[in-house]
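Quick caveat: nothing in here was measured; it's all calculated off a predicted structure.
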Amino acid sequence: MIKRITILLLFISIFNSYAQEQITLAWDTSFSMETRNSNLEFRYLDNYFKAHPSIDVRMVTFNNIKHTQYDFNISNGNWSAIKEILNAVVYDGATSYNTIAKFLEENNSMIFTDGNITTKSLPITSNYDISIISTHKNKAKGIERLTKAENIHFVQLTEANTPSAGVSTTKMTYKGTVFVEEGDINDVKIMVKESGSEIKVNTNGTYQFSAMPGETLQFKTIHNQQKEITLTQSPNLNVWIKSSGIQLDEVFISNEKDIGSTEEINTGYKKVNKRSLGYEVKTISSEDINQSSSDISNAINGKVSGVNQGYGKDISTAKLRQANSMLWAKHPLILIDGAPIPKSITTMSAGTTAELTSFIDVNNIGDITILKGFAATNQYGSEGVGGVILITTKQAYESKTNGGKASGNPQNKNVYSGNILPNKISVKSSYIKELEKEVSIEAAYTKYVSQRKNHINKPLYFTDIYRFFRSSNQQLATQIAYNYIELNDTPQSGLRGLLFEATANKDYGLALDVAKDLMKKFPQHIQSYLDLAIAYKNNGASQKSLDLLLGIERGTINQSLDFTALKKIADNEIRTLVFERKAELELSKIDVKHLNKTKLDARIVFDWSNSNAEFELQFVNPTKLFFTWDHNMKNTSRLEQEFVNGFSQEEFEIDGGAKGQWLINVKYLGNKSKNDPSHTLLKCTIQYDYGTPKERTEEKIIRLHQINQEQQVVNLFTK
């Protein structure tokens, strides 16, 4: 009883401010409000209508998509009709005050909301008094911004818990994933040093714990390797465990080894100490090779001083040694795992464009050694007079390590003999099949509301529902999609899947809000910056897009992160932006190189929603030769780089060579974490005739769901 009297006294001053005949009552119906404490809010309204038993009420239920208006004349404090409507509200969509702005100019108002603004919202301006009423434990940033105005008041119906000066005074929830490259997850122990409490790691590698920012998190392995970090406001902590150490937030710890100065060089016949050679030899390691290129010529272009692509941009016609009137431009001898391939034919006029190296799988190269000087090449006699290129494949290294013999005929196993694969495999989840049984959109929506609690933890659930409704009711589909942004604990894979669908559907406003949410929730992932830059571009915010892209390419946008893996993609996006929208941009910020755009048959960018996904991309050229790009444990260094830096994207280029049909196929291999059953969306962006006036863009989305299933992604023709 004493508590009830205290509540009445607490709000009496607010009630007196509404000593008039009309009031606006705005009720937030966004998805996050489903967890509201309506009992406290109803008790508050009970007290209000006891103080004002006769009053006209304009009630507005609202989210970011729509509002519904009701008018009531309250007498004798009976507001049961209002309560009945509020009890029947369906919570869906996000919070935005745009839809109620006009009502706030009519009367004093009460807004029942959590202030969790996930969409662009106009600031509330009114000459009347406004009370923001919330039952959520913490004051959201949206409310903090609103209540800066003198006529806007905040009423907390639960005990407030607000951090001061941006420093948390309460425990935060931290979460992450541990991935063990070799061994078992149980090989690593995690604990909070101050409390000594050990943190349990689930069988799928995920872990979660609560601690105070400023406390120390300790990682230990069975090899007595140890790493300590100070917890910050960032809640995401991913860890990659190797046999030699722990990779954590770009800091690698390992057992110290004396590397020394015994670098060995491959001379074709044997490996010798570099210092013992009397001539210069250049070796390009697999890490230095441009993995985004679809052929070896582009992959090593610019990597060796004085070595350029030859006629037709094929390294087989490159000029490694200076030409003279007798030798002219003798082409280099190329050996793969010790076996020579046929040399390109040279004439005095122009040479040949035989594309003799197009069959070589760039991702299968262990290293490349360039021998240019006479002292280095004379051991090959007249065949080496034009220089020598020694290519060692990864299989050769593995074979030698295992005591086997390297194959000298890699071309035979790179001939594509398969048929053209299906390019659109229909996948329907159980929840979509349920919706399809309904006789109307209204009935399907009702079914969705009842089923979502059972599927809300599936990363692609809201993406699938969005796709289902958008063909018949775009507004409803968008409202449903915003539910995923409203959720606090959303995985990156789910948000990126929604981003792909929204972008492909040209729902660029939704895509931008998803990209902003990715940046908000995953600021330590470099992919978030690139996703936001592209979303700004699609929304017409060209300068914002350019500024972000320049920051990625130059590494200045967040100097605590390593953007190396996305710099080339960002560079090409800058060139495209300048190429298309030069008049809208502040060109003084760009480099001269960005004014030029390389002409290609096609530029292809792959994005995948789930970084856990393992798959193979197979590129088949017009001569039926192919190479495979592995996104699986065959390419462990790549997966580790993605895991630590947080990105899920790669770029490929098609240029030169034989003209005709190119096929790009994908084979799904499951997820890296075997206990992760979620599907993956693979988005492919193809820019045909890149850098020419005929350039056009096409986007495709494929669902990877059935292990070992192969699908066609791209079928294009070069001419």
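Look at R603 and E573 and you find a salt bridge, because one of the NZ, NE, NH1 or NH2 atoms lies within 4.0 Å of a carboxylate O, short of that distance.
For the pair N539 (side chain) and A541 (backbone), a donor-acceptor distance under 3.5 Å is absent. Side-chain atoms of E614 come within 3.5 Å of backbone N or O of M633 as a donor-acceptor pair. A distance-only check finds a donor-acceptor pair linking the side chain of N621 to the backbone of T623 [under 3.5 Å]. Side-chain N or O atoms of N505 include none that pairs as donor or acceptor with a backbone N or O of E501 at under 3.5 Å. No side-chain donor-acceptor contact under 3.5 Å links R581 to the backbone of Q543. K700 places no side-chain N or O within 3.5 Å of a backbone atom of V714 that could act as its donor or acceptor partner. Judged by distance alone, the side chain of S609 and the main-chain N or O of L681 form a donor-acceptor pair under 3.5 Å. Using a distance-only test at 3.5 Å, with no hydrogens or angles considered, a donor-acceptor pair links the side chain of Q711 to the main chain of R703. Panel note: side chain T393, backbone I365; no donor-acceptor pair is recorded below 3.5 Å. With hydrogens and angles disregarded, no donor-acceptor distance shorter than 3.5 Å links the side chain of T369 to the backbone of L390.
Remark: K694 fails to qualify as a cation-pi partner of Y688 under the 6.0 Å distance and 45° angle criteria applied to the six-membered ring.
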Verdict with supporting geometry, D630 and R638, salt bridge (charged side-chain N to carboxylate O under 4.0 Å, His left out): CA-CA 9 Å; D630 293 307; R638 165 71 187 217; over 6 Å; no
query: Passes side chain to side chain contact (heavy atoms under 4.5 Å, CB included), S545 versus L577? Steps please.
result: CA-CA 9 Å; S545 177; L577 192 60; 3.9 Å; yes
- prompt: After noting the C-alpha distance and the side-chain angles of E650 and W608, does the key distance pass the side chain to side chain contact (heavy atoms under 4.5 Å, CB included) rule?
  reply: CA-CA 9 Å; E650 189 55 88; W608 45 100; 4.1 Å; yes
message: Pair Y466, R470 - check side chain to side chain contact (heavy atoms under 4.5 Å, CB included), show working.
response: CA-CA 6 Å; Y466 166 75; R470 75 185 181 197; 3.8 Å; yes
task: Give the intermediate values and the outcome of side chain to side chain contact (heavy atoms under 4.5 Å, CB included) for residues Q649 and V605.
output: CA-CA 7 Å; Q649 195 169 44; V605 179; 3.6 Å; yes
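Put simply, CZ on F717 and CG on D601 are 13.5 Å apart, with the number rounded to the nearest 0.5 Å. Between E580 atom CD and K597 atom NZ the span is 5.5 Å, to the nearest 0.5 Å. Distance check: T564 OG1 to F647 CZ gives 9.5 Å after rounding to the nearest 0.5 Å. Between the CG atom of L518 and the CD atom of Q492 there is a distance of 6.0 Å, given to the nearest 0.5 Å. Once rounded to the nearest 0.5 Å, the distance linking OG1 of T177 with CZ of F643 reads 5.5 Å. Interatomic distance, CG of L530 versus OG of S648, reported as 11.0 Å (0.5 Å rounding).
Using a 4.5 Å heavy-atom threshold, the side chains of D513 and D517 count as separate. Using a 4.5 Å heavy-atom threshold, the side chains of I569 and I552 count as separate. Looking only at side-chain heavy atoms (C-beta outward), Q527 and D607 come within less than 4.5 Å of each other. Between F606 and I664 there is a side-chain heavy-atom pair separated by less than 4.5 Å. Residues R575 and K593 are in side-chain contact: their nearest non-hydrogen atoms beyond the backbone lie under 4.5 Å apart. Counting heavy atoms from C-beta outward, L548 and I557 have side chains that approach closer than 4.5 Å. At least one side-chain heavy atom of T503 sits less than 4.5 Å from a side-chain heavy atom of Y508. Side-chain contact between Q618 and Q712: absent, with no pair of heavy atoms (C-beta onward) separated by less than 4.5 Å.
Atom NZ of K659 is surrounded by more than 12 heavy atoms from other residues, nucleotides or ligands within 6.0 Å. Atom NZ of K544 has 12 or fewer heavy atoms from other residues, nucleotides or ligands within 6.0 Å.
Residue G494 comes nearest to Y484 through the heavy atom pair C-CE2, 3.3 Å, listed as atom of the first residue, atom of the second, then distance. The two residues A511 and L499 have their closest heavy-atom pair at O-CD1, 3.4 Å. Residues P491 and F522 approach most closely at C-CZ, 4.0 Å, considering heavy atoms. Minimum heavy-atom separation, M519 to Y529: CE-CD2, 3.3 Å. Closest approach of I701 and A504 over heavy atoms only: CD1-CB, 3.8 Å. Nearest heavy atom pair, residue A613 against residue T680, reads CB-OG1, 3.3 Å.
The one candidate from L549, T576, L546 that meets the side-chain contact (heavy atoms from CB on, under 4.5 Å) condition with K537 is T576. When the options H594, K568, K567 are evaluated for a side chain to side chain donor-acceptor pair (under 3.5 Å) with E553, the one that passes is H594. The one candidate from W629, F652, F626 that meets the ring pair (Phe, Tyr, Trp, His ring centres under 6.0 Å) condition with F619 is F652.
Remark: the D507 side chain and the T478 side chain contain an N/O donor-acceptor pair separated by less than 3.5 Å. Between the side chains of Y536 and D547, no donor-acceptor pair of N or O atoms lies under 3.5 Å.
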